[in-house]
Amino acid sequence: MRNNAEYELPIDDIDAVIHQPARLKIMLYLYMVDSADFVYLMHKTGLSKGNLSSHLSKLEEAGYVTITKQFVDRIPRTLMTMTDAGRVAFDQYKKDILTLLGAIETTDK
């Protein structure tokens with residue numbers, strides 16, 4: 001049996017804003033596109049309007065996404081775009097997750 005105190009996992013390095021499952025889904029979809037509208041993200045993530053709106057607000061507060069409201073043929077449209085800071089944070093999140101998983105793998109041996 002291993003002594004747990006001898007292993008220090010870098011779990012505290014994980015960005016908690018991104019790591020929350022609903023926000024992670026949003027960030028994954030926004031990472032792959034230039035921008036996405038609210039309805040697209042709602043369908044892709046499976047979140048309700050209120051839930052999606054709440055999580056987008058948290059991502060916007062963190063500076064990870066911008067939310068732009070516009071009218072297209074007199075119909076309101078809300079577009080989300082990942083900011084440069086959001087892209088940097090997401091890239092760092094990927095590295096941190098891989099580091100964490102690698103640390104777990106080495107503790108299994």
Side-chain angles (χ1 to χ4, degrees):
M1 181 178 232
R2 292 188 184 110
N3 178 356
N4 290 340
E6 68 184 82
Y7 298 106
E8 188 124 352
L9 296 176
I11 191 96
D12 292 334
D13 294 340
I14 303 299
D15 187 324
V17 174
I18 295 173
H19 192 64
Q20 196 285 337
R23 291 191 291 269
L24 179 57
K25 284 181 185 179
I26 294 166
M27 292 293 281
L28 282 166
Y29 282 109
L30 290 178
Y31 192 81
M32 295 184 289
V33 297
D34 290 333
S35 64
D37 72 9
F38 190 88
V39 175
Y40 172 83
L41 283 177
M42 192 173 67
H43 289 292
K44 287 298 202 180
T45 61
L47 298 170
S48 67
K49 287 179 185 180
N51 223 350
L52 179 58
S53 181
S54 174
H55 287 295
L56 284 169
S57 292
K58 290 191 185 295
L59 290 168
E60 184 180 40
E61 287 170 18
Y64 294 167
V65 302
T66 58
I67 300 172
T68 307
K69 296 180 184 273
Q70 58 185 206
F71 286 90
V72 177
D73 296 326
R74 296 186 184 171
I75 299 171
R77 185 173 181 202
T78 304
L79 285 178
M80 278 59 66
T81 306
M82 186 178 286
T83 63
D84 290 341
R87 212 162 271 288
V88 168
F90 193 76
D91 286 338
Q92 185 61 51
Y93 174 83
K94 289 187 302 182
K95 288 177 189 171
D96 292 341
I97 286 290
L98 292 173
T99 298
L100 178 60
L101 294 175
I104 292 169
E105 184 177 293
T106 60
T107 61
D108 289 341
K109 296 182 181 177

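For reference, positions follow the sequence shown, starting with 1.
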>> Would you say that Tyr64 contacts Leu56 through its side chain, given a criterion of any heavy-atom pair below 4.5 Å between the two side chains?
In response: no
> What is the distance from atom CG of Asp96 to atom CG of Asp91, rounded to the nearest 0.5 Å?
Replying inline: 11.0 Å
>> Quick test of your reading of the model: are Arg87 and Asp84 salt-bridged, counting only N-O distances below 4.0 Å?
In response: no
> Are Ile75 and Tyr40 linked, directly or through other ILVMFWY residues, by side chains that come within less than 4.5 angstrom of each other?
Replying inline: no
> Below 4.5 Å, heavy atoms only, C-beta onward: do Arg23 and Ile18 meet side chain to side chain?
Replying inline: no
> Do any N or O atoms from the side chain of Ser35 and from the backbone of Met80 form a donor-acceptor pair under 3.5 angstrom?
Replying inline: no
> Among the clusters formed by ILVMFWY side chains lying less than 4.5 Å apart, do Val88 and Val17 turn up in the same one?
Replying inline: no
> Above 12 or not: heavy atoms from other molecules or residues under 6.0 Å from NZ of Lys44?
Replying inline: no
> Between Ser54 and Gly50, is there a donor-acceptor pair closer than 3.5 Å when you use the side chain of the first and the backbone of the second?
Replying inline: no
> Going from OG1 on Thr68 to CG on Asp37, what distance comes out if it is rounded to the nearest 0.5 angstrom?
Replying inline: 12.0 Å
> Same hydrophobic cluster for Met82 and Val39, using side-chain heavy-atom links shorter than 4.5 Å among ILVMFWY?
Replying inline: no
> Closest approach of Thr83 and Gly63, non-hydrogen atoms and distance?
Replying inline: OG1-O, 2.5 Å
> What are the two closest non-hydrogen atoms of Met27 and Gly86, and how far apart are they?
Replying inline: CE-O, 3.8 Å
>> Grouping I, L, V, M, F, W and Y whenever their side-chain heavy atoms are under 4.5 Å apart, do Leu98 and Tyr31 come out in a common cluster?
In response: no
> Do Leu41 and Lys25 come within less than 4.5 Å of each other through their side chains, counting heavy atoms only?
Replying inline: no
>> To the closest 0.5 Å, what do you measure between NZ (Lys95) and CZ (Phe90)?
In response: 13.0 Å
> In terms of hydrophobic clusters joined by side-chain contacts under 4.5 Å, are Leu79 and Leu28 together?
Replying inline: no
> Quick check: does any side chain N or O of Thr45 sit under 3.5 Å from a backbone N or O of Ile26, one acting as donor and the other as acceptor?
Replying inline: no
> To the nearest 0.5 Å, how far apart are OG1 in Thr78 and CD1 in Ile67?
Replying inline: 8.0 Å
> Any side-chain heavy atom of Tyr93 sitting closer than 4.5 Å to one from Leu24?
Replying inline: yes
